[in-house]
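Below you'll find the structure, written out as structure tokens, and then a few comments.
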2 protein chains.
Amino acid sequence: MSRSRVTIVDLARELGISKTTVSDALQGRGQVADATRERVRAAAERLGYVQNRAARNLRTSRVGAVGLHVPPVVREFSFYMEFAFGAVQGAAALDTDLVLFARDPDHTAGRPFAVDGAIVVDPLPDDPIVRRLKQQGVPVVTVGRCLGDDPPVVDATIEATHSARAREVLDDLWAAGRRRPAFLGSDALFFSSWAFDVRAAYLGWCADRDVEPRLDDVAVTAGPDEVRRTVEELVDAPGVDALVCAPQGFAGRARGILAATGRDVTAGFDLVSLVGDPATELGDPAITVVDPTPFAFGEEAAALLGEVLAGTTGGPVARFHEARIRQSDALAAALGRAD
Amino acid sequence: MSRSRVTIVDLARELGISKTTVSDALQGRGQVADATRERVRAAAERLGYVQNRAARNLRTSRVGAVGLHVPPVVREFSFYMEFAFGAVQGAAALDTDLVLFARDPDHTAGRPFAVDGAIVVDPLPDDPIVRRLKQQGVPVVTVGRCLGDDPPVVDATIEATHSARAREVLDDLWAAGRRRPAFLGSDALFFSSWAFDVRAAYLGWCADRDVEPRLDDVAVTAGPDEVRRTVEELVDAPGVDALVCAPQGFAGRARGILAATGRDVTAGFDLVSLVGDPATELGDPAITVVDPTPFAFGEEAAALLGEVLAGTTGGPVARFHEARIRQSDALAAALGRAD
DNA sequence: TTGAAAGCGCTACCAG
DNA sequence: CTGGTAGCGCTTTCAA
């Protein structure tokens, strides 16, 4: 219960110096003699001093926290949780806490945002949260772009290189002899710029290769039966020899469904996840997966917000996070042969 | 960019009253005339006043935030994310933010916990995080009990009624004619009190019914092949006519595996998840699932922490969160017949 | 019912 | 290199 009541004044008295010097010594600020600094540090350690954040925040007129918003529809994708913890880590590097924004921001509309800045992950088209944040003058980094008719201007944007990776995967499939990959996308309930981009990448690739697109959507909240129906219908078309799944985890869920239709995912048919789920997809050598490396992604987003807050970006920035491809054993073998 | 610079002093000057009255009026404190209160509110609204939390926190010596720790191994279970957002909601009701503790608390050991209290979800046996929090005098609510040789004393504990629900499900299976349910648990990497309890419930039930237990564990991070091997082996024993899966999502993953072995989950074999995954299990009428209602659970945990902080608990408390059972269509039908 | 004054713990500023 | 002073915006006495 000894919630540290030790203040810099206590340390100053203890050491017979001024609290300014103590503060400077502890924060590595000002011109303090090394010996003094060391004495202060030792005393702080000994007496169990911990800085009072409220006091510092008041004085420096910061809040000491950044906010994170993730879209309600898809929170069960593990991507977001890992991303969140990456963002925590990145925020910690800025000496800042990370607070979660409530699920229903309208519900807590009474509470104004008490943050120095915010990260909004996968904003939906015309997502009101971004607009409200900007209205209140909160610096915002979005993960993915804001789509919509009149998108709000944000301070920075970071997105994974998913379009490029999607095309690379499709090219790999082609090189391995696949001629008609089908595409499973997410429906309008989750239409982030990411969902838009991978779909566009697929359609663009099909146009370039003169492949007839075979595309369907599924709700990200879909139960097994709906997923099964959609997958079966999707692959039950002339020449379909691969399935590319956009939303996280759906390739993993599709694997058993495909097996039940007699398709062998380890040979003769390729299964791809554009956002790998750790256990069911990245952990499955039969699936080719784009690993979004969400933890690092979150760290980078927080670091970017840090730059925005420091004012070193100078105007809106767009940045990219490198996603990477982990080929299935079968695809890697086929490409090895093709080389 | 108009980061609210309006203070109660501004309001006071504007209205020609003292800042004390403004503060009291806004916070519903003291004896302020209704008319005055209304004038103050209106002015605050008009000028866009927002309270400076740092100043209030400094004055009231609070931090204005509670921390949430979730176990690193299993963060990809959607349970935790939903729980977290429930906790955010519950914390908001206490006028408190919810900050996420970093994945690797040792890594950020330099940063002392800057929170009024903490919620630790599913502490592992001898989890160091709880001890460190208590050492620093932080009030702690754990979700699940702290196991281990010398468990730290926490201020309150809340757990789902999973033992009771597990036994009820097993009794239901029995009533529907199942005579040997197998049990899929989680391995030592994730051995929370929850994992301990459901296992104990299973073994206890087997002893009571004179059923020979059939139990195996799987890593919560296991890939498809490991899960398949484990499930196949588990059900490939004399008389096994149901599979009860402890960790979230594993029943969903087992469903296709069982189908491939010729077992019909909609008839003749029952599949149970003791922690329902929203899409793959709760969304599947073929699986009997215990719904942990994680959002409400998180809200309750935060409310409990609120009581602890308010000092209204008076000594350590143990509380329970009601989980509920959603029977599969087949099980419901069988029990309907049995009644 | 209202207001004046004190002060939470810290950092910024400036004088020595 | 060090220290004194001021003050961030708020709540809490306590006096009017």
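Order of the sequence lines fixes the chain letters, A, B, ..., with proteins taken first and strands second; residue numbering starts at 1 for each chain.
Closest of all the heavy-atom pairs between B:Leu58 and A:Ala55 is CD1-CB, 3.7 Å. Across every non-hydrogen atom of A:Ala118 and A:Leu133, the tightest pair is CB-CD1, 3.9 Å. Counting all heavy atoms, side chain and backbone alike, A:Val32 lies closest to A:Ala25 at CG2-N, 4.0 Å.
Within residues 19-27 of chain A, the residues approaching DNA chain D are A:Lys19, A:Thr20, A:Thr21, by heavy-atom distance under 4.0 Å.
An angle of 30°, rounded to 10°, separates the two end axes of the helix from C:dT1-D:dA16 to C:dG16-D:dC1, each defined over five pairs.
Under a 3.5 Å cut-off, the side chain of B:Thr312 and the backbone N or O of B:Glu307 do form a donor-acceptor pair. Although no hydrogens or angles enter the test, the distance criterion places no donor-acceptor pair under 3.5 Å between the side chain of A:Arg56 and the main chain of A:Gln51. A:Asp155 places no side-chain N or O within donor-acceptor distance of the main-chain N or O of A:Val141, the cut-off being under 3.5 Å.
Atom CZ of A:Arg62 is separated from atom P of D:dG9 by 16 Å (rounded to the nearest Å). D:dA15 atom C1' lies 16 Å from atom CD of B:Gln31, rounded to whole Å. At whole-Å resolution of the value, CG in B:Leu58 and C1' in D:dG7 are 12 Å apart. Taking atom CZ on A:Arg13 and atom C1' on C:dC10, their separation rounds to 15 Å, with Å as the unit. Between A:Asn57 atom CG and D:dC10 atom C1' there is a gap of 14 Å when expressed in whole angstrom units. For the pair A:Arg53 CZ and C:dT11 P, the interatomic distance rounds to 11 Å; values are reported in whole Å. To the nearest angstrom, C1' of C:dC8 lies 13 Å from CG of B:Asn52. The distance from atom CZ of B:Arg37 to atom P of C:dT2 is 9 Å, rounded to the nearest whole Å.
Atom-to-atom distance recorded for A:Met81:CE and B:Met81:CE is 4.0 Å, nearest 0.5 angstrom.
Residue A:Thr36 has a polar side-chain atom (N or O) positioned under 4.0 Å from OP1 or OP2 of D:dT2.
In this structure, the nucleotide among C:dT11, D:dC10, C:dG9 sitting nearest to the side chain of B:Ala55 is D:dC10. For A:Ser18, the side-chain atoms get nearest to D:dG4 when compared with the rest of C:dT1, D:dC10, D:dG4. The A:Arg59 side chain lies nearest to C:dG9 when the options are D:dT12, D:dT2, C:dG9.
Note: B:His69 and B:Phe101 have tilted aromatic rings, judged against thresholds of 30 and 60 degrees for the angle between ring planes.
Ionic pairing of B:Arg319 and B:Glu300 is not present here: no N-O contact between side-chain nitrogen and carboxylate oxygen is shorter than 4.0 angstrom.
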